[in-house]
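Below you'll find the structure, written out as structure tokens, and then a few comments.
Source: prediction; values computed, not measured. A note on names: the letters A, B, ... follow the listed sequences, proteins ahead of strands, and every chain is numbered from 1.
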Amino acid sequence: MSQQFEMDKTFSPQQVEGTTYEAWEQSGAFKPVIKVGKKPYTIVMPPPNITGQLHMGHAVDVTVQDILIRFHRMLGDPTLWLPGTDHASIATENKIVEQMRKEGITKEDLGREGFLERAWEWKKLYGGRITQQLRRLGASCDWSRERFTMDAGCSKAVTEVFVRMYEEGLIYRGERIINWCPVCKTALSDIEVDYEEKQSKLYHIRYPEDDGGEGLVVATTRPETMLGDTGVAVNPQDERYTHLIGKELLLPLVNRRIHVVADDYVDASFGTGAVKMTPAHDPNDFEVAKRHNLEILRVMNDDGSMNEAAGPDFAGMPGKDARKKVLEMLEAQGLLVKVQDYTHNVGSCSRCHATVEPLISKQWFLNMEPLAKPAIEAVRECKVTFVPERFAKTYFNWMENIRDWCISRQLWWGHRIPAWHCQTCGTTIVAREAPDTCPDCGSSRLSQDEDVLDTWFSSALWPFSTLGWPDDTKDLEYFYPTSTLATGYDIIFFWVARMIFSGLKHMGEIPFDTVLIHGIVRDELGRKMSKSLGNGVDPLELIDTYGADALRFSLILGVAPGADMRISNERMEAARNFANKIWNASRFVLMNLDGTSRTIDDSLLNTNEKWILSRLNRAIRSMTGHLEGNDLGLSAQVMYDFAWNEFCDWYIELSKGDLFDGTPERKDQARAVLETVLSATLRLLHPFMPFLTETIFKAMPGKQEASCMLSPWPEADGKYDFAQEEQQMEGVMDMIRAIRTVRNELKVQPGHRARVLLKPNPGWAERLRDAEPAFQRLAGASALTLLKAEEHITEKTVSAIGTIGEALIPLGDLVDIEKEIARLSKEAQGLRDEIIKSQGKLNNPGFVAKAPPALVQAEQEKIAHNEGILASLEKRVEELRQ
RNA sequence: GGGAUUAUAGCUCAGUUGGCUAGAGUACCACGUUGACAUCGUGGGGGUCACUGGUUCGAGCCCAGUUAAUCCCACCA
């Protein structure tokens with residue numbers, strides 16, 4: 001007995017996934033085959049964080065990329081998918097700190113060195129875990145080229161870029177208002193801050209004049225910051241306050257004299273029209289302060305508590321308590337004028353969700369303007385294309401309004417900034433290697449800057465740092481620029497934009513030509529998956545339950561580029577069922593091949609065979625086109641429809657005639673066609689469902705040692721285009737469907753011949769004779785035999801019969817004559833209406849003049865067609881009347 | 001405040017540059033142990049294409065407006 005008969009009745013992914021993947025990886029098939037002179041297809045994988053578990057976002061990301069990679073590999077392109085992981089500075093550090101907290105130790109206990117040791121241990125443990133999980137999805141990446149954002153090579157690139165940009169003056173150090181997370185104790189970039197609406201109060205506080213005048217009233221949501229006020233601003237046009245401009249007020253509680261300044265920034269219609277200025281703790285106030293030379297007084301510590309500058313009453317007090325005390329004291333002095341309920345947006349740390357405090361701080365910045373310009377140009381000139389296009393707008397919107405990027409973080413885990421400060425003279429030295437002495441004063445008392453770089457600083461270099469830059473490597477030369485970058489739209493700002501300007505800046509070339517944006521995965525209710533909602537789905541569990549192929553397919557099928565997708569059990573089941581359908585269709589084909597491979601005899605092709613081969617050609621062309629256009633969802637849809645609705649539902653069924661009852665010649669021909677179509681189907685499906693297809697492929701005759709993954713992508717063979725046969729089959733299928741409707745309607749028992757009410761005209765007879773076996777098998781009816789239905793016949797049945805043939809057969813004595821006349825008359829009326837409608841169209845000069853000729857002709861044919869039926873109906877009515 | 005997207009069957013979504021009766025999947029109903037598959041097969045019901053107007057011979061598609069929802073950016077004390 002041959003191997004084929006041992007296939008189970010259902011596909012068990014669990015049994016094959018592990019071993020199949022291992023065999024692929026062992027064989028080295030994931031490594032690109034470099035062909036000098038041939039353009040490679042390259043994807044550099046967005047590196048997952050080493051913080052944890054594979055989630056649905058990764059699953060989509062990896063699936064999309066793996067499909068493209070497998071497609072191009074089969075096309076014969078030298079194909080590289082370079083994987084790696086990201087150190088994820090702040091996220092990882094938080095996780096480690098959290099883990100340590102449970103053990104009762106703090107970062108400070110370990111010290112920088114000790115902490116980093118621990119962090120590397122973490123990386124060893126979890127960095128490997130995530131890559132194992134990627135394997136479970138079937139990711140066919142070249143693990144021999146795997147990189148990590150903090151490995152020696154990538155770190156070298158980071159230092160090189162930093163030093164170069166510093167030397168060019170693009171990187172500078174300065175005092176600016178930054179978003180400060182008092183829990184993570186680090187600066188955050190603008191995009192690391194999330195805003196949410198919160199209920200709070202708007203406090204109206206009176207600031208009297210220093211001479212005892214009543215002064216003015218300011219409104220604030222953060223009263224404790226008044227301790228750091230160094231001025232009050234009003235709108236220059238605001239007549240209420242013109243008399244106060246330039247005057248001095250006495251800041252309550254601290255009794256500091258502060259000036260009233262006029263600045264357009266102030267909106268006279270909001271609050272009281274007077275704004276207290278706290279330049280050290282508010283970005284706008286900071287700007288105003290610079291314009292008016294107001295003092296910048298920081299009153300808060302890094303942990304959010306008040307410092308000495310806040311005055312002896314408040315020093316050391318947490319911000320919350322300080323707020324309370326300030327309010328109490330103001331109230332006691334009768335200076336708290338009004339308290340309003342107020343809803344506004346409060347920023348919080350995207351990592352730990354603590355409320356962010358804007359405060360002044362010395363940080364490293366990257367000057368964005370000169371970098372953004374060419375990056376905008378590159379997209380505008382379509383050197384980089386976004387799929388779908390609309391995301392380019394998002395990109396422009398951000399890049400055109402970009403502000404300098406705060407790249408320093410007060411963390412330990414990350415790339416330490418290559419800058420040294422001289423303890424003697426204060427000079428800062430930025431260098432590739434640690435300097436021994438200060439070039440200015442010769443002192444050897446140098447200490448490295450404590451900060452590390454924003455994690456996205458290294459990510460921005462990923463497309464070339466992973467290929468060996470700054471060294472001149474062969475990989476860099478061959479694979480850069482890469483082809484496609486696939487990622488979610490949530491990461492355009494964090495990453496995509498920064499890679500584009502970095503690539504242009506340091507490589508002088510775009511990093512990739514296509515940015516393929518996919519949506520995010522939502523639950524069945526359309527909600528974002530989040531930890532707090534607890535609605536997250538673990539992709540690994542889905543793989544266990546349904547198989548990796550089903551997961552991949554359900555994430556792709558019918559999903560338009562950039563569109564969010566919902567994942568549900570129903571969707572997973574549909575994908576699993578499809579996999580099983582393919583499995584069983586293959587099982588049937590393999591059973592009938594008897595382990596022998598055959599080739600099609602073109603001279604013996606019958607209509608069914610011509611039809612399926614022609615349909616296969618269409619599927620190949622369509623899928624290839626969609627994949628080239630990055631529309632994976634449509635491509636999968638074409639596969640699904642072809643495999644299930646055409647190959648399984650029709651051709652396999654049709655083939656059974658020859659397979660079971662045909663002459664030896666026909667039998668072999670059917671087998672050859674089945675084998676050909678199955679082979680192509682498996683290969684077309686392979687990028688989407690690699691495990692299933694590889695498993696079946698190896699069971700094909702003579703393919704034990706072959707690999708679906710490394711087989712060529714199917715090409716449409718022009719000699720198998722049969723437009724006429726396709727049309728003919730379409731007609732036959734319509735008729736078979738109609739007969740089935742009749743059978744159902746008449747409740748004809750299986751096994752019994754349906755009594756089909758047909759009188760084929762000469763044209764149809766020809767076709768029907770051709771299709772006779774199909775009718776026998778699929779419709780349980782003989783197309784040429786006129787039989788008498790004994791059952792009651794409904795309208796529906798009649799209309800179904802109407803679609804079968806031109807000649808509607810008289811129902812004779814089966815039905816009440818009056819009723820039948822009425823029905824036929826009604827039908828005739830319907831046809832007349834149709835004809836009138838068509839004639840109306842043809843009488844419309846605009847239609848005749850402007851519509852395509854084929855359409856006009858079709859309309860004329862329709863009239864003729866309807867008139868023919870009408871005539872026979874009328875004739876029949878006449879007969880019945882007699 | 002600025003920008004983007006979406007609105008089609010109970011649900012999830014397709015619907016190419018406008019062109020025959022608007023399609024799938026799923027759910028629902030009926031029937032079915034036909035030699036791959038009940039994770040299946042066959043058939044069926046179910047739509048005012050959000051609303052209003054416009055362009056056109058012709059609009060689910062193009063244009064304007066209205067309504068509703070989602071998302072992103074900015075962050076007014």
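By the side-chain hydrogen bond (donor to acceptor under 3.5 Å, both in side chains) test, Asp229(A) pairs with Tyr207(A), Lys276(A), Thr278(A), sequence neighbours left out. Residues meeting the salt bridge (charged side-chain N to carboxylate O under 4.0 Å, His left out) test with Asp238(A), sequence neighbours left out: Arg240(A).
Here the separation of rC71(B) from rC13(B), taken at their P atoms, is 14 Å to the nearest Å. Nucleotides rC63(B) and rU6(B), compared at atom P, are 12 Å apart to the nearest Å. Comparing the C1' positions of rG35(B) and rG43(B) gives an interatomic distance of 24 Å, to the nearest angstrom. When the C1' atom is used for both rG2(B) and rU55(B), the distance is 30 Å, rounded to whole Å. With P as the reference atom, rG25(B) and rA69(B) are 33 Å apart, rounded to whole Å. rG44(B) sits 11 Å from rA24(B) when the P atoms are compared, rounded to a whole Å. The same atom, P, is picked in rA50(B) and in rC61(B); the two are 8 Å apart, to the nearest Å. Across rC49(B) and rU42(B), the matching C1' atoms stand 29 Å from one another, rounded to whole Å.
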Expected list for residues 641-648 of chain A: side-chain donor-acceptor pairs under 3.5 angstrom, two or more places apart:
{"residue": "Glu646(A)", "atom": "OE1", "partner": "Arg615(A)", "partner atom": "NE", "Å": "3.3"}
{"residue": "Glu646(A)", "atom": "OE2", "partner": "Arg615(A)", "partner atom": "NE", "Å": "2.9"}
{"residue": "Glu646(A)", "atom": "OE2", "partner": "Arg615(A)", "partner atom": "NH2", "Å": "3.0"}

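Residue contacts shown for Glu859(A) are absent, as no nucleic acid heavy atom lies under 4.0 Å away. Base contact: Thr10(A) has a heavy atom under 4.0 Å from a base atom. Using a 4.0 Å heavy-atom cutoff across all strands shown, Asn284(A) reaches sugar-phosphate atoms only and no base atom. Contact annotation for Phe578(A): no contact, since no heavy-atom pair falls under 4.0 Å across all strands. In this structure, Arg737(A) reaches the sugar-phosphate backbone alone: every heavy-atom distance under 4.0 Å involves primed, P, OP1 or OP2 atoms, never a base. Within the 4.0 angstrom heavy-atom criterion, only backbone atoms of the sugar-phosphate kind lie near Asp649(A); the bases stay farther away.
Regarding Asp238(A), its CG atom lies at a distance of 14 Å from the C1' atom of rA77(B), rounded to whole Å. Between the C1' atom of rA77(B) and the CD atom of Glu287(A) lies a distance of 15 Å, rounded to the nearest Å. In this structure, Phe391(A) atom CZ and rC73(B) atom P are separated by 13 Å, rounded to whole Å. For the pair Phe647(A) CZ and rC37(B) C1', the interatomic distance rounds to 13 Å; values are reported in whole Å. One can place OH of Tyr195(A) at 7 Å from P of rA74(B), the figure rounded to the nearest angstrom. To the nearest angstrom, C1' of rC37(B) lies 4 Å from CG of Asn584(A).
At least one side-chain heavy atom of Leu674(A) sits under 4.5 Å from a side-chain heavy atom of Ile652(A). You'll find the side chain of Met700(A) reaches within 4.5 Å of the side chain of Glu675(A), heavy atoms only.
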Would you please test His281(A) and Glu357(A) for side-chain hydrogen bond (donor to acceptor under 3.5 Å, both in side chains) and show each step? CA-CA 7 Å; His281(A) 298 284; Glu357(A) 295 288 349; 5.7 Å; no

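A donor-acceptor pair is defined here as one N or O able to donate and one able to accept, closer than 3.5 Å; no such pair exists between the side chain of Ser635(A) and the backbone of Asp631(A). With hydrogens and angles ignored, the 3.5 Å screen pairs a side-chain donor or acceptor of Asp549(A) with a backbone N or O of Leu692(A). Between the side chain of Glu192(A) and the main chain of Ser189(A), a donor-acceptor pair closer than 3.5 Å is present. Not a single donor-acceptor pair under 3.5 Å links the side chain of Arg576(A) to the backbone N or O of Gly547(A).
Of the listed nucleotides (rA77(B), rC75(B), rC37(B)), rC75(B) has the atom at the smallest distance from the side chain of Asn345(A). Of the candidate nucleotides rG19(B), rA77(B), rC71(B), rG19(B) has the atom lying nearest to any side-chain atom of Phe847(A). Of the candidates rG25(B), rA36(B), rU42(B), the closest approach to any side-chain atom of Arg740(A) belongs to rU42(B). For Arg576(A), whose side chain is taken as the heavy atoms from C-beta onward, the closest listed nucleotide among rU39(B), rC75(B), rC71(B) is rU39(B). Listed nucleotides: rA36(B), rU39(B), rC57(B). Nearest to the side chain of Lys850(A): rC57(B). Here the nucleotide nearest the side chain of Arg587(A), chosen from rG25(B), rA36(B), rU39(B), is rA36(B).
The residue among Glu653(A) and Phe11(A) whose nearest nucleotide of RNA chain B is located toward the 5' end is Glu653(A). Across the interface with RNA chain B, nearest-nucleotide mapping of Gly846(A) and Tyr265(A) shows Gly846(A) to be the residue nearer the 5′ end.
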Per-nucleotide protein contact string for nucleotides 1-18 of chain B (B base, S sugar-phosphate only, - none; heavy atom under 4.0 Å): --SSS------SSS----

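By the criterion of a centre-to-centre distance under 5.5 Å and near-parallel planes under 30°, the ring of Trp583(A) forms no stack with the base of rA36(B).
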Can you give the dot-bracket line for RNA chain B, where a pair is Watson-Crick or G-U wobble with both atom distances under 3.5 Å, crossing pairs use [ ], and | marks a partner on another strand? (((((((..((((.....[...)))).(((((.......))))).....(((((..]....))))))))))))....

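Heavy-atom minimum distance, Val288(A) versus Tyr265(A): CG2-CD2, 3.7 Å.
Judged by atom type and distance alone, Asn580(A) does not reach the base of rC37(B) through any side-chain donor-acceptor pair under 3.5 Å. Put simply, the side chain of Lys9(A) and the base of rC37(B) share no donor and acceptor less than 3.5 Å apart.
Contact between the side-chain N/O atoms of Asn577(A) and the OP1/OP2 oxygens of rC40(B) is found at a separation under 4.0 Å. OP1 or OP2 of rG41(B) has at least one side-chain nitrogen or oxygen of Trp644(A) nearer than 4.0 Å. The side chain of Lys581(A) contributes an N or O atom lying less than 4.0 Å from OP1 or OP2 of rG41(B). Using a 4.0 Å cut-off, some side-chain N or O of Tyr342(A) falls inside it from OP1 or OP2 of rA77(B). Dashed line: the shortest gap from a side-chain N or O of His344(A) to OP1 or OP2 of rA77(B) is under 4.0 Å. The side chain of Arg403(A) places no N or O atom within less than 4.0 Å of a non-bridging phosphate oxygen (OP1 or OP2) of rC73(B).
Heavy atoms of other residues, nucleotides or ligands lying less than 6.0 angstrom from CD of Glu389(A) number 12 at most.
Listed by first and then second residue, the side chain to side chain donor-acceptor pair (under 3.5 Å) pairs involving residues 847-860 of chain A are Ser838(A)-Glu859(A), Gln857(A)-Glu861(A) (not counting sequence neighbours).
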